[in-house]
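Each remark here refers to the structure printed beneath this line.
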Amino acid sequence: MMTAQPEIKKYSTRQILELSILILLLLLYTPLILHWVDGWLHKNISTVHEYFSHGIITLPFAGYVIWFNRKKWHRLPDTTHPLGGFLLLLGGVFYLSGVAEWVDLSFPVILVGICLWFKGIGGLKLQRFPMLLVSLATPTAFPYIVAPYTFPWQSFIAHTVGFILSEFGMKVTVLGIDIYVNNQITEIAPYCAGLKLLLSSINVSLILLYWTNTISSRQITTYFLGTTACVSIVSNIVRNTLLAYLHGIGQAAAFEWLHAGWGGEVYSTCTLLVLIPALNWISSYFSSDNLADGINEN
Amino acid sequence: MNYLYQGFQKQQLTHITAILLLIVLLVVGAIPGYFTGKWQWQSPPSVVSLPKLKQVRQMGLSLPGWQTLSHNSPEIGEHKWLLQNIKQADSDIKVTLMLLPQNGPRDRPEVEWTDIDNWANSQWGVWQKSTYRIAEFIVKQPVKKYSKDQLKIESRFFRSTTQLHSYAVLQWYATPTAGVTTPWEWFVADQIAQWQHQRIPWVAVSILMPMEPLGEVEKYWKLMHSLGEAVQIKLTTEVF
């Protein structure tokens with residue numbers, strides 16, 4: 001009879017306090033994060049904001065990891081690191097400034113502050129992966145600030161594209177960052193330099209590493225992130241080559257599709273999919289290596 | 001038991017301080033947003049001088065001692081610049097004044113100098129820059145509008161050569177009380193201003209003066225500098 005009755009759960013004072021912190025954080029940041037997501041989906045905030053669109057995947061994943069860690073979190077001893085208090089205050093000042101860049105930044109600052117305030121360094125260590133994802137997904141002015149300095153890189157891409165197209169027997173001239181194919185100019189603008197693809201690839205790679213539990217191996221992590229960077233650079237050059245080609249032969253519709261339309265998304269997704277077999281290969285290569293090492297040590 | 005109770009209380013205290021802080025943030029920073037549906041971080045503070053900046057985009061600047069011969073608005077990079085051909089009233093010196101005023105509260109200076117290089121490259125086939133230096137000049141406000149007495153203008157000064165001509169070139173981002181050469185410097189100043197609910201409006205200025213092929217560009221510094229000064233004074237006193 002007793003078991004049939006719904007159990008009236010009594011929350012401890014502590015649980016109520018923890019719940020109120022969670023609710024307060026949700027109230028503070030839900031509108032901001034919805035604004036970010038809206039900007040990522042509808043591309044209506046700025047070009048720079050789109051550099052962080054990987055947050056659509058990484059923020060929910062970070063949330064999942066934090067939730068997954070909740071038992072370990074509770075088992076950690078309660079200690080307060082003074083830096084936590086400082087970060088909470090700093091994040092608060094950023095939040096109240098109302099200036100977009102700083103309100104955005106307040107999100108990771110307050111989250112890290114909370115880890116340190118309640119569980120000290122151990123708390124931050126436990127949550128370092130989700131904190132890394134949140135920090136990387138927080139929109140900052142970084143892409144804007146580096147844009148004026150990527151000219152040599154843009155010029156390198158333009159010349160590589162020119163080289164590839166001329167290997168295919170096309171008449172190509174490259175001037176600075178302009179590629180002339182059949183007298184049609186394609187410019188490698190700063191925002192075509194591939195930073196966006198690089199950022200999303202690195203973020204997806206981090207998730208893959210965590211998911212496959214290989215992030216604890218320094219070797220695999222280093223090699224895989226290196227491979228990711230190379231894949232994204234090559235992929236970006238191939239995309240620019242296709243764009244210059246399509247523009248040169250007058251395929252305006254196809255150019256638009258790959259440049260600004262959903263073709264670009266399909267292309268990036270394909271690039272990201274390549275990363276999965278790459279990780280498989282790298283981790284099996286190193287785990288067989290480790291196995292051999294282990295036997296030797298024994 | 002007593003020990004346990006005390007330990008628990010201390011832990012409650014850390015929670016309560018955090019909760020109090022978050023409540024302050026909620027009441028001051030978020031409740032107004034929930035009630036009005038408008039959030040401060042949605043859009044930056046407005047640029048007060050935007051209407052005047054738009055006028056410059058259409059009409060250019062009238063500078064004392066210089067006549068406007070013609071103006072047009074070519075697309076350079078992704079922006080419509082204003083190209084103003086001007087002539088010194090008492091001589092035959094002709095200069096091209098290129099202006100790109102801020103076009104909205106979200107509009108930031110980005111890669112204007114690269115854009116101009118590309119445009120010049122496609123215009124003349126070659127655009128070979130040399131003797132580049134950062135040139136500094138001081139502008140005094142004729143009428144005191146800002147608290148700063150002297151405005152420090154940092155500019156890019158160089159010679160550039162096409163197949164037919166050489167040009168002395170002077171470029172900077174003009175703001176009400178300073179001139180800078182990189183978007184980064186503007187960005188920092190604008191962020192500081194935004195914390196005080198203000199903005200730093202900007203105009204990208206590029207002056208091209210034809211000179212003898214491969215001549216000594218420093219000979220033109222005095223003239224370029226005085227023209228630069230006239231442009232900055234005009235912008236500071238009448239536009240920003």
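By convention in this document, chain letters (A, B, ...) are assigned in the order of the sequence lines, proteins followed by strands, and residues within each chain are numbered from 1. Keep in mind the model is a prediction, meaning the values are calculated, not measured.
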Using a cut-off of 6.0 Å, state whether more than 12 heavy atoms not belonging to [X] lie near its atom [atom1].
| X | atom1 | answer |
| --- | --- | --- |
| R133(B) | CZ | yes |
| Q123(B) | CD | yes |
| W184(B) | CH2 | no |
| N44(A) | CG | yes |
| F142(A) | CZ | no |
| F163(A) | CZ | no |

Report summary line: In this structure, CG of L96(A) is separated from CG of L25(B) (nearest 0.5 Å) by 5.0 Å

Query raised in the report: To the nearest 0.5 Å, how far apart are CD1 in I185(A) and OG in S122(B)?
Result: 5.5 Å

Report task. In sequence, state the C-alpha distance, the side-chain angles, and the governing distance for W102(A) and W195(B), and then conclude on ring-ring contact (aromatic ring centres under 6.0 Å, His included). Result -> CA-CA 9 Å; W102(A) 300 89; W195(B) 276 71; 5.7 Å; yes

Contact between [X] and [Y] at the side-chain level, heavy atoms closer than 4.5 Å - yes or no?
| X | Y | answer |
| --- | --- | --- |
| L88(A) | T17(B) | no |
| I45(A) | R106(B) | yes |
| E101(A) | F187(B) | yes |
| Q12(B) | R14(A) | no |
| Y95(A) | L26(B) | no |

Is [X] close to chain A through its backbone or its side chain, or both, or neither, when contacts mean heavy atoms under 4.5 Å?
| X | answer |
| --- | --- |
| I31(B) | neither |
| P45(B) | neither |
| L22(B) | both |
| P183(B) | both |
| E78(B) | neither |

Mind listing the closest non-hydrogen atom pair of [X] and [Y] along with its distance?
| X | Y | value |
| --- | --- | --- |
| A18(B) | I21(A) | CB-CD1, 4.2 Å |
| Y34(B) | L27(A) | OH-O, 2.6 Å |
| A30(B) | L28(A) | CB-CD2, 4.2 Å |
| E110(B) | P148(A) | O-CG, 3.6 Å |

Heavy-atom cut-off 4.5 Å, strictly under: side chain, backbone, both or neither for [X] against chain B?
| X | result |
| --- | --- |
| E187(A) | side chain |
| V93(A) | both |
| L32(A) | both |
| S97(A) | both |
| F94(A) | both |

Requested in this report: Could you tell me whether H35(A) and W41(B) have their ring centroids closer than 6.0 angstrom?
Outcome: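 Centroid separation for H35(A) and W41(B): below 6.0 Å.
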
Report task. Determine, step by step, whether T14(B) and D78(A) satisfy the side chain to side chain contact (heavy atoms under 4.5 Å, CB included) criterion, reporting the C-alpha distance in whole Å, the side-chain angles of both residues, the deciding distance to 0.1 Å, and the verdict. Result -> CA-CA 10 Å; T14(B) 41; D78(A) 294 327; over 6 Å; no

Report task. Output the option from S46(A), S20(A), G84(A), G98(A) having the highest count of non-hydrogen pairs under 4.5 Å with chain B. Result ->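 Top count of heavy-atom pairs under 4.5 Å with chain B: G98(A).
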
Let's test your reading of the structure: which of [options] forms the most heavy-atom pairs below 4.5 Å with chain A?
| options | value |
| --- | --- |
| N118(B), D115(B), I16(B) | N118(B) |
| Q42(B), Q194(B), Q191(B) | Q191(B) |
| S43(B), G33(B), P109(B) | P109(B) |

